Amino acid sequence: MAEIMTLIGGRSSKQGTTLCASKLGAAYAEISSTLEMNVEDMARLGLSNNSKVRLRTPAGEAILRCKGRETKDLPPGILFMTYGPLSSQLMAGDTAGSGMPISKNLDVEVEPVRDENGP
Amino acid sequence: MGENLKVVRDATCTFCGCVCDDMHLTVDLDQKRIMKAENACILGKAWFREHGIEERPLALIGGRTATTEEAVEAAAQILAQARFPLIYGLSDTTCEAQRVAVAIADMIGGTVDTTTSVCHGPSGIAFEGVGESTASLGEIKNRADLVVFWGGNPAEAHPRLFSRYAVTPKGMFIPNGRKDRTVVLVDVRRTPSTPAADIFIQVKPRSDFEVLWALRALVKGRKVDPSIERRTGVSLAVLEDLVARMKSCRFGVFLFGMGLTMNRGRHFNSGALLALATDLNEFTHWVAKPVRGHGNVTGADNVVSWQTGFPFGVNFSRGYPRFNPGEFTSVDLLTRREADAALIIASDPADNFPKAAIEHLRRIPVITLDPKATPTTQLAQVAFTTATYGINVSGTVYRMDDVPITLRPAFESPYPSDEQVLTAIRDRVRALLGGNRLPAGAPVAAAS
Ligand code: SF4
């Protein structure tokens with residue numbers, strides 16, 4: 001069952017240091033496919049750290065691994081991921097005549113992905 | 001570490017817009033590596049450590065190894081034949097290279113756009129509408145006693161902004177450093193930057209504009225309804241307290257990030273903050289500066305402005321520059337499938353543009369200049385490997401406060417600079433076109 005949450009794209013220092021090494025390396029791929037999520041939201045959706053979730057917007061979808069954040073750090077209903085190939089999948093190309101696509105505060109459908117090999 | 005070491009003092013880090021020019025580098029000249037970067041933050045250390053010389057071909061054409069000369073010929077042919085070419089990127093290269101890129105756009109009647117359009121482009125639009133009360137980072141360090149960070153996370157993106165300029169350093173009129181400053185941080189989530197603030201104001205997503213407009217009303221002495229809290233997550237009492245502090249400080253500064261520009265409201269958000277800074281100047285001194293990401297994105301704004309009169313999203317297809325965000329900006333040109341070729345310099349749109357724009361990059365011939373392999377170089381028809389600015393290449397970059405800084409490179413690269421490659425492309429395109437491409441219907445000069 002999917003829920004609607006608000007996704008914020010942004011930067012992190014780990015992303016900054018790994019992109020200096022290579023944007024094609026495993027470390028960068030791992031960082032840009034990690035989704036920070038409120039721990040209460042995760043518990044309600046039956047997710048634990050490293051569980052897979054599918055995010056969907058009208059532009060596209062992406063599967064990420066989640067990482068819990070306490071409510072004081074990330075309020076319920078808010079998600080955070082670093083920019084990279086997966087955040088691009090979720091962004092619409094329309095800039096409303098400004099040149100700037102929206103990449104913060106996107107409405108996304110969040111759905112746990114169950115696979116046979118466990119979470 | 002080898003025997004052949006060199007120390008470069010006061011070198012410049014070009015990883016982020018702080019452009020710190022107090023780096024002391026220890027360079028191993030045999031290995032062509034920087035072994036130590038004194039004074040660099042965690043990002044700067046990674047930047048210097050990871051930019052040794054990698055074994056990469058000088059150029060690739062269609063994935064096959066080529067010489068730089070062969071690649072120049074292939075790139076020039078693509079640009080000379082294109083009807084609506086896009087030149088994009090430019091925020092991680094020198095002003096000298098940026099200048100040549102603008103000249104190529106002018107010559108081929110193309111579009112030149114920089115990463116500003118997907119960064120502080122909306123702030124650039126707002127500057128034109130509202131104006132900008134500005135200051136250098138030096139003035140902020142020496143004078144600012146109230147610092148408001150809005151919609152940004154400098155601890156992770158510009159770490160030395162705190163320690164070198166805006167939070168902890170002692171300044172001429174800030175003798176006790178941190179103790180003499182009040183630091184406010186406004187964001188939708190707690191980040192590693194939050195502990196640096198005395199006051200953290202957590203706004204609900206998509207309500208920055210409403211908070212800024214309510215602050216403007218309070219500064220002007222108007223009444224604001226307490227229901228503002230339901231809409232924005234910020235109580236009237238918190239806003240009133242902030243307004244009292246803003247009016248009574250000696251020198252206030254807003255340092256604002258992409259939490260305002262990449263969000264619903266875009267240039268309206270930046271414009272609201274700039275207008276608030278203007279309003280506050282009736283009471284005391286206030287300035288507002290966008291916090292810039294890439295090392296020379298500010299240089300890109302400056303160079304494109306000197307040369308065309310506009311900061312980004314400039315089209316030359318009528319033979320003179322036209323600026324129109326939404327029409328001549330890269331995401332729009334690619335998403336609408338209008339560009340028929342792209343020259344991408346020191347930037348990686350295939351890693352961060354919206355999906356539809358990346359899909360179009362796969363359809364058209366793309367030329368890249370980059371020191372590293374990236375998702376964009378991987379989809380390029382012609383990919384040049386170039387030397388890294390600041391580490392191998394000298395030249396000029398602009399700090400985020402529009403202060404120009406001369407680079408002091410650490411060691412030589414076997415690869416050409418962006419400026420050298422672009423100059424060769426420009427000269428070859430000029431030869432192919434016989435001068436500037438004239439727009440259809442342009443008056444032909446009368447023979448004398
Ligand atoms: S703050 Fe920016 S410019 Fe300064 S050392 Fe760190 S990454 Fe480099």
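Chain letters run A, B, ... following the sequence lines, proteins first and then strands; every chain starts at 1. As the structure is a prediction and not an experimental result, all values here were calculated from the model.
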Practice problem: Under 4.5 Å heavy-atom distance to chain B, tell me which part of A/Leu19 shows up: side chain, backbone, both or neither. | Solution: side chain
Quiz item: Under a 4.5 Å heavy-atom cutoff, which of A/Thr95, A/Thr17, A/Leu106 has the most pairs with chain B?
Solution: A/Thr95
Self-check item: A/Lys72 bridged to A/Glu70 by N-O distance under 4.0 Å
Solution: no
Quiz item: Does any heavy atom of chain A fall under 4.5 Å from the side chain of B/Ala357, the backbone, both, or neither of them?
Solution: neither
Quiz item: Does any heavy atom of chain B fall under 4.5 Å from the side chain of A/Ile102, the backbone, both, or neither of them?
Solution: both
Quiz prompt | Per-residue contact mode, B/Thr261 against chain A (heavy atom under 4.5 angstrom) | solution = both
Quiz item: How about B/Asn263 and B/Asp208: does a side-chain donor come under 3.5 Å of a side-chain acceptor?
Solution: yes
Quiz item: Which region of B/Phe48, side chain (C-beta onward) or backbone (N, CA, C, O), has a non-hydrogen atom less than 4.5 Å from a non-hydrogen atom of chain A, or is it both or neither?
Solution: neither
Exercise. Name the region of B/Arg189, side chain, backbone, both or neither, that has any atom closer than 4.5 Å to a heavy atom of chain A.
Key: both
Quiz prompt | Side chain / backbone / both / neither for B/Gln378 at chain A, heavy atoms under 4.5 Å | solution = side chain
Quiz item: Taking the six-membered ring for Trp, are B/Phe328 and B/Phe312 ring centroids under 6.0 Å apart?
Solution: no
Quiz item: B/Asp348, B/Thr329, B/Ile358: which one forms the most heavy-atom pairs within less than 4.5 Å of chain A?
Solution: B/Asp348
Self-check item: Charged N-O contact under 4.0 Å between B/Arg56 and B/Asp370
Solution: no
Quiz prompt | Proximity breakdown for B/Ile42 and chain A, heavy-atom pairs closer than 4.5 Å | solution = both
Exercise. Under 4.5 Å heavy-atom distance to chain B, tell me which part of A/Ile8 shows up: side chain, backbone, both or neither.
Key: side chain
Exercise. List the atom of B/Ala346, the atom of B/Asp92, and the distance in Å for their closest heavy-atom pair.
Key: CB-O, 3.3 Å
Quiz item: Any chance CD of A/Glu30 has more than 12 other-residue heavy atoms, nucleotides or ligands included, within less than 6.0 Å?
Solution: no
Quiz prompt | Distance, nearest 0.5 Å, that separates NE2 of B/His360 from OG of B/Ser330 | solution = 11.5 Å
Quiz item: So which part of B/Cys16 gets closer than 4.5 Å to some heavy atom of chain A, the side chain, the backbone, both or neither?
Solution: neither
Quiz prompt | Salt-bridge criterion met for B/Glu50 and B/Lys372 (N-O under 4.0 Å) | solution = no
Quiz item: Among B/Thr194, B/Thr335, B/Val188, B/Asp332, which has the most heavy-atom pairs under 4.5 Å with chain A?
Solution: B/Asp332
Practice problem: Report the option among A/Gly16, A/Gly10, A/Gly77, A/Gly9 that has the most heavy-atom pairs separated by less than 4.5 Å from atoms of chain B. | Solution: A/Gly16
Quiz item: Taking all non-hydrogen atoms of both residues, which atom of A/Met91 and which atom of B/Phe353 are closest, and how far apart?
Solution: CE-C, 4.5 Å
Exercise. Using non-hydrogen atoms and a 4.5 Å limit, figure out which bit of A/Ala21 sits close to chain B: side chain, backbone, both or neither.
Key: both
Practice problem: Can you see which heavy atom on A/Pro112 is nearest to which on A/Leu47, and at what distance? | Solution: CB-CD2, 3.8 Å
Quiz item: Measuring heavy-atom distances to chain A, does B/Pro205 have an atom under 4.5 Å in its side chain, in its backbone, in both, or in neither?
Solution: both
Quiz item: For chain B, which of A/Thr6, A/Leu74, A/Leu86 has the most heavy-atom pairs under 4.5 Å?
Solution: A/Thr6
Exercise. Would you mind checking which part of B/Asn153 comes under 4.5 Å of any heavy atom in chain A, side chain (CB onward), backbone (N, CA, C, O), both or neither?
Key: side chain
Self-check item: Plane angle bin for B/Phe256 and B/His120 - parallel if under 30°, tilted between 30 and 60°, otherwise perpendicular
Solution: perpendicular
